Amino acid sequence: MKSAVTISLVPEARGGPFVYWDDLAAGFAAAARHGFDAVEIFIPSSNAVPLSTVQELMEKHSLKLAAVGTGAGWVKHKLRLTDSDPAVRQRGREFIFGIINFAGILGAPAILGSMQGRWEGSVSREQALDWLAEELTVLGERASGHGIPFLYEPLNRYETNLFNRAADAAKFLEDRGIKNVKLLCDLFHMNLEEASIAGALHAVAPQLGHVHWADSNRHAVGFGHTDIAPIAAVLKEIGYTGYISAEVLPLPDSSDAAKQTMESFRRWFR
Ligand code: LER
Ligand code: MN
């Protein structure tokens, strides 16, 4: 397993669960100082940051890129893949193509989280799921051009009504024959939605591609009340070798959230 910490360059996401903010170079330097293996970044769009800048920082600090989020597509550009307007869905797909390419060149997967949207108004659940399947199929294919999977993240009920639980999302990917899409399991969402976080991780083991490592209150693991022992045990038992990435609030501040995350990572996985 490998450790990662989040950096957001999206002002519209302010208040969100990211450890470092606004300054990519400072975020990389801090991640290296704390001993992380990688960073996970949230960028306003694929052309907002030069690829070479990220490449140079990765080399300078010997850090990998764990993943690149597409959340700005929703919070900044209001693009959703299940929007009733076909032009919005199309722009959403193109926005994510850009991120897949950006991340792919740097050896990382792109994530679909809040851009999945929700079914509501004139859009039935059935219709939204058909669109979601179509988009995930195309996005998985596009990512395969880089030899990297695409990541789909079930979210809690307050953020989407498409998929809230990991096993439901895994079954959907399987039933629809969607290739090269892995699941991102976020412990914060799972704490709200799963009967058993460890049980759900076990159930989706073959499809598990990435983990957002957060406590019950979305603070760094150890700052809330999630029982981590069975979760860590199951990740080891299933032979998970991917990223354990801290998508948490920068509380009490970024440095303490990063430090606590590394302490939890070393405690459970080293
Ligand atoms: C994204 O990874 C996520 O978990 C959502 O809650 C958006 O912040
Ligand atoms: Mn997440």
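All of these numbers come straight from a predicted model, not from anything done at the bench. Whatever order the structure lists ligands and atoms in, that order sets their numbers, starting from 1.
Counting only distance, with no hydrogens or angles, the side chain of T160 and the backbone of G117 share a donor-acceptor pair below 3.5 Å.
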Distances under 3.5 Å, N/O of ligand 1 against N/O of the protein: list each pair and its distance.
{"from": "ligand 1", "atom 1": "2 (O)", "to": "E153", "atom 2": "OE1", "distance (Å)": "2.6"}
{"from": "ligand 1", "atom 1": "2 (O)", "to": "E153", "atom 2": "OE2", "distance (Å)": "3.2"}
{"from": "ligand 1", "atom 1": "2 (O)", "to": "H212", "atom 2": "ND1", "distance (Å)": "3.4"}
{"from": "ligand 1", "atom 1": "2 (O)", "to": "E247", "atom 2": "OE1", "distance (Å)": "3.1"}
{"from": "ligand 1", "atom 1": "2 (O)", "to": "E247", "atom 2": "OE2", "distance (Å)": "2.6"}
{"from": "ligand 1", "atom 1": "4 (O)", "to": "E153", "atom 2": "OE2", "distance (Å)": "3.0"}
{"from": "ligand 1", "atom 1": "4 (O)", "to": "D186", "atom 2": "OD2", "distance (Å)": "3.1"}
{"from": "ligand 1", "atom 1": "4 (O)", "to": "H189", "atom 2": "NE2", "distance (Å)": "2.8"}
{"from": "ligand 1", "atom 1": "4 (O)", "to": "R218", "atom 2": "NH2", "distance (Å)": "2.8"}
{"from": "ligand 1", "atom 1": "4 (O)", "to": "E247", "atom 2": "OE1", "distance (Å)": "2.9"}
{"from": "ligand 1", "atom 1": "6 (O)", "to": "E159", "atom 2": "OE1", "distance (Å)": "2.6"}
{"from": "ligand 1", "atom 1": "6 (O)", "to": "E159", "atom 2": "OE2", "distance (Å)": "3.2"}
{"from": "ligand 1", "atom 1": "6 (O)", "to": "H189", "atom 2": "NE2", "distance (Å)": "3.1"}
{"from": "ligand 1", "atom 1": "6 (O)", "to": "R218", "atom 2": "NH1", "distance (Å)": "3.4"}
{"from": "ligand 1", "atom 1": "6 (O)", "to": "R218", "atom 2": "NH2", "distance (Å)": "2.9"}

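Between L9 and D23 the shortest heavy-atom distance is CD2-N, 3.9 Å. For the pair L112 and T70, the tightest heavy-atom approach, listed with the atom from each and the gap, is CA-OG1, 3.9 Å. Among all heavy-atom pairs drawn from A128 and W119, the shortest one is CB-CB, 3.6 Å.
Of all the N, O or S atoms in E247, the one closest to the Mn ion (ligand 2) is OE1. For H212, the N, O or S atom with the smallest separation from the Mn ion (ligand 2) is ND1. Within E153, OE2 is the N, O or S atom that lies nearest to the Mn ion (ligand 2). Between the Mn ion (ligand 2) and the N, O or S atoms of D186, the shortest distance is to OD2.
Salt bridge E159/R118: absent, no basic N to carboxylate O contact under 4.0 Å. The pair K259-E263 counts as a salt bridge, with a side-chain nitrogen and a carboxylate oxygen less than 4.0 angstrom apart.
Note that K76 lies outside the cation-pi zone of W74, set by a 6.0 Å cut-off to the ring centre and a 45° limit from the axis. The cationic atom of R80 (NZ for Lys, CZ for Arg) does not lie both less than 6.0 Å from the six-membered ring centre of F95 and within 45° of the ring axis.
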